[in-house]
Amino acid sequence: MSYLEQMFGLQNRRIVITGAGGLLGTVFSQALGKAGAELVLIDRDKRSLELCGAKLKGIGVSPELIVCDLTNYESVYTIINEISQRGLIDGLVNSAAIDPKAESKVLDAGNSGWFTDYPLKSWCSSLDTNLTGVFNISQAVCGVMERQESGRGVIVNLCSTYGLVGPDQSIYKDEEGVQLFYKPVDYSVTKAGLLGFTRALAAMYKGTEIRVNALTPGGAFNDHTPAFVEKYADRTILGRMADPAEYGGAIVFLCSSASSYMTGSNLIIDGGWTAI
Ligand SMILES: NC(=O)c1ccc[n+]([C@@H]2O[C@H](COP(=O)([O-])OP(=O)(O)OC[C@H]3O[C@@H](n4cnc5c(N)ncnc54)[C@H](O)[C@@H]3O)[C@@H](O)[C@H]2O)c1
């Protein structure tokens, strides 16, 4: 086995990825699959999950696909129990989230994201998925990892630069200066909360080989308007948005032996947005 395979190879590792149908969720699945991991992909959206599965088949990876809403505690426990009966669980990537984006119209009509008009329902649904959903599946998976003979496991929580610094709302203005959207507060709150969850859970597993880390990406290009890309790029040191594929190496690093001395930590990959 080559040095690179020893460090970064994921042969014989079975990894569960939530939100696998998402933009980055699909990239994480592709990268981990290419590194040799056996994959179990979860999403509440069947169509996006199947699209991700089809992309993986195209590169010779055959994942198990499971439709599940992570906010449903009983469903999560049932599927994790079933998954664990078919083999070990070596890793969990918590990528599923409600991430309102200006271009994807996740917010209901009439909800601009502005704080004083922001519906309690939207706040609650974000906390429910981004925090409670992560709690549900992490608790179920940790229970399995604790019982496994290997005593080993990795958990990666997807955070965001907006969990480290407040959103720059000016990048959501159009060319005429009209504000199109506001990144809602719950996104920052839940992503900051996940960093606390990462540290607390890592500390809870002191003296074991169960490691818990966070990955903090900056904005990935997804057919944004040239005006948006220009404003976004101007906030970074590298002067551009990320290509989604640029996060593949980081997830392989965090799930593999290459990060074996890392826990309770946060890997920031944001083109320098939070450094200036
Ligand atoms: N895309 C970016 O530029 C970016 C930047 C910083 C951080 N992030 C974070 O990285 C992660 C992945 O981002 P992405 O671009 O793939 O997001 P995305 O919005 O494209 O995908 C999120 C996926 O999660 C699924 N999901 C939502 N709620 C769910 C639930 N209750 N149960 C099961 N599945 C559920 C959705 O169906 C969707 O497929 C997210 O946590 C996001 O907040 C993304």
Side-chain angles (χ1 to χ4, degrees), residues 16-31 40-53 55 65-73 75-76 79-80 92-107 122 124-138 140 156-165 167 171 183-184 186-195 197-198 214-224 228-229 232-233 235-236 240-248 250-251 254 266-271 273-274:
V16 176
I17 306 170
T18 74
L23 176 69
L24 298 190
T26 299
V27 166
F28 298 148
S29 307
Q30 288 169 322
V40 181
L41 309 184
I42 298 176
D43 204 294
R44 71 174 172 189
D45 187 288
K46 187 167 184 269
R47 203 178 125 65
S48 338
L49 189 63
E50 284 172 354
L51 274 174
C52 176
K55 284 185 187 157
L65 306 181
I66 298 178
V67 176
C68 176
D69 184 339
L70 299 167
T71 63
N72 186 323
Y73 187 80
S75 305
V76 169
I79 59 137
I80 293 302
L92 168 66
V93 176
N94 281 314
S95 187
I98 292 179
D99 177 1
K101 297 169 183 123
E103 72 284 2
S104 67
K105 314 236 178 324
V106 169
L107 297 179
S122 302
C124 290
S125 120
S126 188
L127 266 64
D128 214 19
T129 288
N130 297 8
L131 290 176
T132 309
V134 173
F135 168 85
N136 291 345
I137 191 156
S138 301
V156 181
N157 298 317
L158 264 296
C159 295
S160 164
T161 46
Y162 286 172
L164 299 175
V165 295
I171 66 172
K183 194 78 176 184
D186 48 46
Y187 188 67
S188 295
V189 168
T190 56
K191 293 302 175 178
L194 267 190
L195 282 176
F197 177 71
T198 301
L215 172 59
T216 293
F221 178 71
N222 189 20
D223 291 332
H224 296 87
F228 178 85
V229 173
Y232 191 98
R235 286 295 316 263
T236 67
R240 61 183 178 84
M241 295 189 81
D243 176 332
E246 289 182 294
Y247 295 117
I251 202 72
L254 289 170
N266 179 27
L267 180 57
I268 303 171
I269 303 188
D270 66 352
W273 176 296
T274 55

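The analysis underlying the following values was restricted to heavy atoms, covering all of them including side chains, and did not include hydrogens, waters or symmetry mates. All ligand and atom numbering here is 1-based and tracks the order in the structure.
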Nearest neighbour of [atom] from the list [options], on a heavy-atom basis:
atom	options	value
atom 8 (N) of ligand 1	Phe28, Phe221, Tyr187, Tyr232	Tyr187
atom 6 (C) of ligand 1	Pro217, Pro244, Gly19, Pro100	Pro217
atom 26 (N) of ligand 1	Ala96, Ala20, Gly22	Ala96
atom 9 (C) of ligand 1	Cys159, Ser95, Cys68	Cys159

In the protein, which heavy atom is nearest to [atom], and how far is it?
atom	value
atom 39 (O) of ligand 1	Asp43 OD2, 2.6 Å
atom 34 (N) of ligand 1	Arg44 N, 3.2 Å
atom 20 (O) of ligand 1	Leu23 N, 3.0 Å
atom 19 (O) of ligand 1	Lys101 NZ, 3.1 Å
atom 27 (C) of ligand 1	Ala97 O, 3.5 Å
atom 31 (N) of ligand 1	Asp69 OD1, 2.9 Å
atom 5 (C) of ligand 1	Gly218 O, 3.4 Å

For Gly219, take its heavy atoms, then give the atoms of ligand 1 lying under 4.0 Å from any of them. 3 (O)
Run the numbers for me: atoms of ligand 1, each under 4.0 Å from some heavy atom of Ala220, listed by number. 2 (C), 3 (O)
So, does [X] use its side chain to make a donor-acceptor pair with the main chain of [Y] at under 3.5 Å?
X	Y	answer
Asn136	Leu70	yes
Asn130	Ile98	yes
Thr216	Cys159	no
Ser126	Ser122	no

Could an N or O of ligand 1 be found under 3.5 Å from any N or O of Gly25, whether backbone or side chain?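 Among all N and O atoms of Gly25, at least one is under 3.5 Å from an N or O of ligand 1.
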Compare every heavy atom of Asp69 with every heavy atom of Val76, then report the nearest pair and how far apart it is. CG2-O, 4.1 Å
How close do Pro167 and Tyr162 get, heavy atom to heavy atom, and via which atoms? CA-CE2, 3.4 Å
Determine whether Thr132 and Tyr73 make a side-chain contact, defined as any pair of heavy atoms from C-beta on separated by less than 4.5 Å. no
Side chain, backbone, both or neither: which applies to Leu70 and ligand 1 if a contact is any heavy-atom pair less than 4.0 Å apart? both
Heavy-atom pairs closer than 4.0 Å: do any link ligand 1 to the side chain of Leu24, the backbone, both, or neither?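 It is both parts that get close, each with some atom under 4.0 Å.
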For the residue pair Tyr232 and Trp273, categorise the inter-ring angle as parallel (less than 30°), tilted (30 to 60°) or perpendicular (more than 60°).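 Tyr232 and Trp273: tilted rings.
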Would you say Lys191 contacts ligand 1, with heavy atoms under 4.0 Å as the rule?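 Yes.
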Sole residue of Val134, Val93, Leu195, Leu92 in side chain to side chain contact (heavy atoms under 4.5 Å, CB included) with Asn157: Val134
Can Asn266 and Thr198 be counted as having a side-chain donor-acceptor contact under 3.5 angstrom? no
